**Q** 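Sharing a structure, written as structure tokens. Questions coming.
These numbers come from the heavy atoms of this one structure, side chains and all, not from hydrogens, waters or symmetry mates. Here the structure is a predicted model, which is why all the values come from computation and not from measurement. Note that ligands are numbered from 1 as they come in the structure, with each ligand's atoms numbered from 1 the same way.
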Amino acid sequence: MAEAKPAILFPKAVIEGRVRELAEQISSDYVGRELLIVGILNGAFIFMADLIRGLDVPCRVDFIRAASYGCGSVSTGEVRITKDLETPITGRDVLVVEDIIDTGLTLSRLVEVLRERRPASLRVCAFLDKTDRRRVPFAADYVGFSIPDRFVVGYGLDYNEKFRFLPDVCVLEDIG
Ligand code: IMP
Ligand code: MG
């Protein structure tokens with residue numbers, strides 16, 4: 001069966017406005033400091049690129065990649081770092097940037113690992129948040145949009161590595 005055409009949930013212009021608001025909020029929270037922005041690959045790269053261009057505070061960037069064990073879409077909760085940061089984070093103000101929080105397993109584990117490295121501060125900014133899907137409690141410090149339990153793609157988010165390039169966030173109505 002052919003894949004259904006994704007339906008737009010957040011158009012480009014709405015995303016741009018919200019990302020600008022997040023950048024302003026973050027800039028005012030970190031006045032006089034320098035941020036180390038940690039992007040979680042691959043999904044966060046487009047959001048992160050737009051977010052940092054809206055910042056008024058200086059920042060450096062680095063990336064981390066995590067894989068969760070499990071079968072298909074069912075995660076066992078085990079998270080493994082497959083590409084670590086290249087920057088030491090001890091004593092730095094770290095902002096972790098993620099595309100979407102679903103069960104919360106990835107971020108709760110990553111934050112635990114990063115905290116062990118003693119950053120001066122550590123906060124999380126997620127573009128999207130599916131709060132209904134949590135398996136472990138996790139709250140981000142900054143959230144672009146809370147969304148219902150639907151599978152979304154575009155603006156960096158993928159389905160089997162497809163659709164990341166779409167400028168809008170779309171719902172996959174039917175994955176066939
Ligand atoms: P979790 O919070 O550990 O369950 O996992 C979050 C990760 O699952 C995200 O970084 C995405 O890679 C992926 N994910 C969860 N929901 C979606 C979705 O609706 N679209 C695309 N990726 C998703
Ligand atoms: Mg991801």
**Q** Determine whether the side chain, the backbone, both or neither of R133 has a heavy atom under 4.0 Å from any heavy atom of ligand 1.
**A** neither
**Q** Dump the intermediate steps for side-chain contact (heavy atoms from CB on, under 4.5 Å) on I81 and V113, then the final yes or no.
**A** CA-CA 9 Å; I81 294 176; V113 169; 3.7 Å; yes
**Q** Measure I40 to ligand 1 on non-hydrogen atoms and call it side chain, backbone, both or neither using the 4.0 Å cut-off.
**A** neither
**Q** What are the atoms of ligand 1, with element, lying closer than 4.0 Å to any heavy atom of G104?
**A** 1 (P), 2 (O), 4 (O)
**Q** Is there a heavy atom of I147 sitting under 4.0 angstrom from any atom of ligand 1?
**A** no
**Q** Could you tell me whether some N/O pair between L107 and ligand 1 is separated by less than 3.5 angstrom?
**A**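 Looking only at distances, the answer is no, because the N/O contact criterion of under 3.5 Å is not met.
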**Q** Apply side-chain contact (heavy atoms from CB on, under 4.5 Å) to R115 and V111, showing your working.
**A** CA-CA 6 Å; R115 280 201 198 287; V111 162; 3.7 Å; yes
**Q** Give a yes/no verdict on whether any heavy atom in R135 is under 4.0 Å from an atom of ligand 1.
**A**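 The answer is no, since R135 has no heavy atom less than 4.0 Å from ligand 1.
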**Q** Which of the listed options, V169, N42, T106, I100, holds the heavy atom that is closest to atom 13 (C) of ligand 1?
**A** I100
**Q** When you compare the side chain of N42 with that of D158, does any pair of heavy atoms fall below 4.5 Å?
**A**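 They are not in contact (no side-chain heavy atoms under 4.5 Å apart), so the answer is no.
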**Q** After noting the C-alpha distance and the side-chain angles of T87 and R92, does the key distance pass the side-chain contact (heavy atoms from CB on, under 4.5 Å) rule?
**A** CA-CA 10 Å; T87 318; R92 290 196 175 278; 4.2 Å; yes
**Q** Can a salt bridge be assigned to the pair K12 and E16 using a cut-off of 4.0 Å between side-chain N and carboxylate O?
**A**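 Looking at K12 and E16, the cut-off is met.
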**Q** One thing to verify: whether E78 and R109 come together as a salt bridge, which I'm taking to mean a side-chain N less than 4.0 angstrom from a carboxylate O.
**A**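 No salt bridge links R109 with E78.
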**Q** What part of L157, side chain from CB on, backbone N/CA/C/O, both or neither, has a heavy atom under 4.0 Å from ligand 1?
**A** side chain
**Q** Does ligand 1 come near enough to V153 that some N or O of the ligand is less than 3.5 Å from an N or O of the residue?
**A**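 Not met; the criterion fails.
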**Q** Suppose we screen for side chain to side chain contact (heavy atoms under 4.5 Å, CB included). Which residues come up paired with V143, at least two apart in sequence or across chains?
**A** D129, A140, S146
